[in-house]
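Let me begin by presenting the structure, written as C-alpha cells, before commenting on it.
Computed from heavy atoms alone, side chains included, the values below leave out hydrogens, waters and symmetry copies.
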Amino acid sequence: MSVANENLKTRLQDDMKASMRAGEKTRLGTIRLILSAIKQIEVDERIELDNTRILAILDKMVKQRRESIGHFEKAARQDLIDIEQAELVLIQSYLPEPLSEADILGLIDAVIAETGASSAKDMGKVMALLKPRLQGRADIGQVSTLIKTKLA
C-alpha cells in the first residue's frame, strides 16, 4: 500500500497496536510520540489532521532528531545517538520515498516557469507552490537554497 493513498493516522494507530501486541517497547514509544504530536495539534486547533499536515509533523520530527544527533555527537554520547537514530529510522519509514536532486530541480524549474518568477523577490511564490509538493520528500531548507541559486 502506498503512503500517498492511505490515512497515515490510521496506519500509525494500527502499528501502535501491533507494537503493543509484539512487545516492541522502543517502536511503541516512538509511535506514541508521533501520535501525541498529532493529537496536540488536533486539540489545539480543533481539527482533524490530513496526511499533508501529518507529513509536516513527521518532517519536523526528523529534523529535530537530526539536530539532536549532531549535538550528541559533539558530546560523545553514543547511547543517546543510538536512541535518536532508531527513532529517526522509524519516523522516516512513515514518510514517502525521498525525491532525487534531479527530480527536485525539475519541480523547481516547473514552478518557476509556472509562476513566472525571475528574481529572489519571487521566492515566496515559488516556495508556496513547491512546499506541498515536496512535503516529506525533500529537505525544505536545501530546496530553499536551490531556489535562491536558480533565481539569483
Side-chain angles (χ1 to χ4, degrees), residues 1-16 26-27 29-77 80-152:
M1 187 179 336
S2 85
V3 175
N5 296 334
E6 68 177 311
N7 183 327
L8 275 173
K9 188 174 169 187
T10 303
R11 180 176 164 209
L12 284 159
Q13 290 166 334
D14 292 345
D15 288 354
M16 181 179 70
T26 306
R27 181 177 169 83
T30 304
I31 292 171
R32 282 183 170 158
L33 279 174
I34 296 168
L35 287 170
S36 173
I38 292 167
K39 187 72 171 167
Q40 181 68 50
I41 292 172
E42 288 182 338
V43 168
D44 289 350
E45 298 180 21
R46 292 182 169 87
I47 58 169
E48 183 81 20
L49 293 184
D50 60 0
N51 278 358
T52 305
R53 284 288 301 273
I54 293 172
L55 287 174
I57 291 168
L58 293 173
D59 253 355
K60 184 177 179 184
M61 293 178 87
V62 164
K63 186 177 177 189
Q64 289 169 336
R65 298 303 173 288
R66 286 188 177 134
E67 288 172 2
S68 295
I69 289 169
H71 293 301
F72 295 146
E73 284 172 346
K74 288 177 190 165
R77 290 293 309 264
L80 297 176
I81 292 170
D82 293 342
I83 292 168
E84 293 292 315
Q85 193 67 47
E87 288 181 2
L88 178 63
V89 169
L90 180 64
I91 294 167
Q92 286 176 323
S93 73
Y94 291 100
L95 292 171
E97 199 63 37
L99 292 172
S100 69
E101 187 167 341
D103 291 338
I104 294 168
L105 289 170
L107 272 172
I108 291 171
D109 289 339
V111 170
I112 287 174
E114 189 180 319
T115 60
S118 59
S119 70
K121 285 190 264 180
D122 300 321
M123 189 161 165
K125 284 192 276 186
V126 174
M127 282 298 287
L129 286 176
L130 268 178
K131 203 169 181 183
R133 297 178 193 180
L134 296 174
Q135 194 68 60
R137 302 182 74 197
D139 179 341
I140 300 299
Q142 289 174 337
V143 171
S144 174
T145 304
L146 291 170
I147 295 169
K148 283 179 190 167
T149 305
K150 292 250 182 206
L151 293 177

query: If every non-hydrogen atom of N51 is compared with every non-hydrogen atom of L8, which pair is closest and at what distance?
result: OD1-N, 2.9 Å
query: Step by step, would you call L107 with L134 a side-chain contact (heavy atoms from CB on, under 4.5 Å)?
result: CA-CA 9 Å; L107 272 172; L134 296 174; 3.5 Å; yes
- prompt: Within a radius of less than 6.0 Å around CD of E101, do more than 12 heavy atoms belonging to other residues, nucleotides or ligands occur?
  reply: no
Pairing residues for R137 by the side-chain contact (heavy atoms from CB on, under 4.5 Å) criterion, not counting sequence neighbours: P96, L99
task: Could you tell me the separation between the CG atom of L151 and the CD1 atom of I112, rounded to the nearest 0.5 Å?
output: 4.5 Å
- prompt: Looking at side-chain heavy atoms only, is the closest gap between R66 and V62 below 4.5 Å?
  reply: yes
- line: Correct closest heavy-atom pair for A138 and I104 would be CB-CD1, 3.6 Å
task: Of all the heavy-atom pairs spanning M127 and S144, show the shortest one and how long it is.
output: SD-CA, 4.3 Å
task: Report the distance from atom CG of D103 to atom CZ of R133, rounding to the nearest 0.5 Å.
output: 13.5 Å
statement: When rounded to the nearest 0.5 Å, the distance separating CD of Q92 from CG of D59 is 9.5 Å
- prompt: How many angstroms lie between atom CG of D50 and atom NZ of K9, to the nearest 0.5 angstrom?
  reply: 11.0 Å
- prompt: Closest heavy-atom contact between I91 and L58?
  reply: CG2-O, 3.7 Å
- prompt: Given the rule in the side-chain contact (heavy atoms from CB on, under 4.5 Å) test, do K125 and L129 qualify, once you have shown the distances and angles that lead to the verdict?
  reply: CA-CA 7 Å; K125 284 192 276 186; L129 286 176; over 6 Å; no
- line: For R65 and L33 the tightest heavy-atom approach is NH2-CD1, 3.8 Å
task: Report the residues that fulfil side chain to side chain donor-acceptor pair (under 3.5 Å) with R77, sequence neighbours left out, ordered by chain and then residue number.
output: D79
- prompt: What are the two closest heavy atoms between I81 and F72, and how far apart are they?
  reply: CG1-CB, 3.5 Å
- prompt: Do Q85 side-chain atoms and I69 backbone N/O form a donor-acceptor pair below 3.5 Å?
  reply: no
query: Do K150 and V126 come close enough that some side-chain heavy atom pair is under 4.5 Å?
result: no
- request: State, with a plain yes or no, whether a side-chain heavy atom of I147 is found less than 4.5 Å away from one of L130.
  value: yes
field: 4.5 Å side-chain heavy-atom contact, H71 and L80
entry: no
- prompt: Got more than 12 heavy atoms from elsewhere within 6.0 Å of NZ, K131?
  reply: no
- prompt: Which distance, rounded to the nearest 0.5 Å, do you find between the CE of M123 and the NZ of K148?
  reply: 5.0 Å
statement: Interatomic distance, CD@E87 vs CD@Q64, rounded to 0.5 Å, equals 10.0 Å
- request: Compare all side-chain heavy atoms of R11 with those of D15 and state whether any distance is below 4.5 angstrom.
  value: yes
Side chains of I57 and Y94 in contact at under 4.5 Å (non-hydrogen atoms): no
